[in-house]
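We count residues from 1, following the sequence as given.
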Amino acid sequence: MSKSKSTREEKEHQQLMRLAMSARDFRHALSAATFLTEECDWIKSYSNAERRKLHCYETTMVVAYGRPFVQSRGQVAPPFNWNMVPELELEPDERRLHEQLLTYRNKLHAHSDSDFTNMGLEIWRTPLPDGEFHDFLAVRGGESLNFEENEVDQIHRMLWKIQHHVDAALQAHPASRDGLPVIAIG
């Protein structure tokens, strides 16, 4: 086998692996968006614990969505880009949501930028029987959702669209399937 063929096959395999990892990550983001749309009553008042649960769904949605666009440490393949899915065209609102998801990933959900977070400190002062006080430094905030209901609905629709096109690109990718396990279904 010539070096150029080996290099081409290696590059195709890396692209196939990036598409596969991206398909998995978009699927996780879609599942989290689904859980959020199914379980969040946007009018209801929730306890802090319930809000944290919903915030966990939002965090998973945002972080999983952003994973394909960041270089992984394993260097399996370069980050995902839209050229890998030529049939997919994002609408202007979807491009805006894409940018917002990546911003929230980088500044709020995967990292904690102090100028972007919605948390703070407060002192909970409790009187003691001897007339003294006990001060407890408490962290407040961080439980609220950062996306509105209509944005989560738009993200959900966008993720369905992306997932469909990424799956199609994965199936059509020219990389060799030699060596992959074959699982009989049905």
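- Side chains of E50 and S47: a donor on one and an acceptor on the other come within 3.5 Å.
- Note that NE2 of H156 and CZ of F35 are 9.5 Å apart. Values are rounded to the nearest 0.5 Å.
- The salt bridge (charged side-chain N to carboxylate O under 4.0 Å, His left out) check on R177 picks up nothing, with sequence neighbours excluded.
- The line from OG of S22 to CD of Q163 is 10.0 Å long, rounded to the nearest 0.5 Å.
- Considering all non-hydrogen atoms of both residues, V152 and A33 come closest at CG1-O, 4.3 Å.
- Of the inter-residue distances, the one linking F133 atom CZ with R125 atom CZ reads 6.5 Å to the nearest 0.5 angstrom.
- Within the structure, side-chain hydrogen bond (donor to acceptor under 3.5 Å, both in side chains) contacts touching residues 77-94 (residues at least two apart or in different chains) are E94-K161.
- Between R8 and E12 there is a side-chain heavy-atom pair separated by less than 4.5 Å.
- Smallest separation of non-hydrogen atoms from R105 and V63: CG-CA, 4.4 Å.
- Counting heavy atoms from C-beta outward, W124 and L137 have side chains that stay 4.5 Å or more apart.
- Side-chain contact, Y65 with H28: no donor N or O sits under 3.5 Å from an acceptor N or O.
- Ring geometry for F136 versus H134: interplanar angle of 30 to 60°, hence tilted.
- With sequence neighbours left out, E39 forms a salt bridge (charged side-chain N to carboxylate O under 4.0 Å, His left out) with K53.
- For the pair A20 and L170, the tightest heavy-atom approach, listed with the atom from each and the gap, is N-CD1, 3.7 Å.
- In this structure the side chain of M84 never reaches within 4.5 angstrom of the side chain of H173, judged on heavy atoms.
- For the pair Q154 and L159, the minimum side-chain heavy-atom distance is 4.5 Å or more.
- Distance check: L19 CG to Q171 CD gives 10.5 Å after rounding to the nearest 0.5 Å.
- Side-chain contact between V70 and P79 is absent, with no heavy-atom pair separated by less than 4.5 Å.
- From L36, atom CG reaches atom OG1 of T59 across 10.0 Å, with rounding to the nearest 0.5 Å.
- Judged by distance alone, the side chain of R67 and the main-chain N or O of D25 form no donor-acceptor pair under 3.5 Å.
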Just do the side chain to side chain donor-acceptor pair (under 3.5 Å) check on R96 and Q100 with the steps written out, would you? CA-CA 6 Å; R96 182 192 59 76; Q100 189 174 9; 3.1 Å; yes
Working for side-chain contact (heavy atoms from CB on, under 4.5 Å), residues D41 and E149: CA-CA 9 Å; D41 179 341; E149 180 179 15; over 6 Å; no
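- Residue V85 comes nearest to V166 through the heavy atom pair CG2-CG2, 3.9 Å, listed as atom of the first residue, atom of the second, then distance.
- How far OG1 of T103 is from CG of N146: 12.0 Å, rounded to the nearest 0.5 Å.
- Proximity of a side-chain donor or acceptor of R51 to a complementary backbone N or O of Y46 within less than 3.5 Å is detected.
- Classified by interplanar angle (parallel below 30°, tilted 30° to 60°, perpendicular above 60°), the ring pair F147/Y104 is tilted.
- W160 places none of its side-chain heavy atoms less than 4.5 Å from the side chain of F26.
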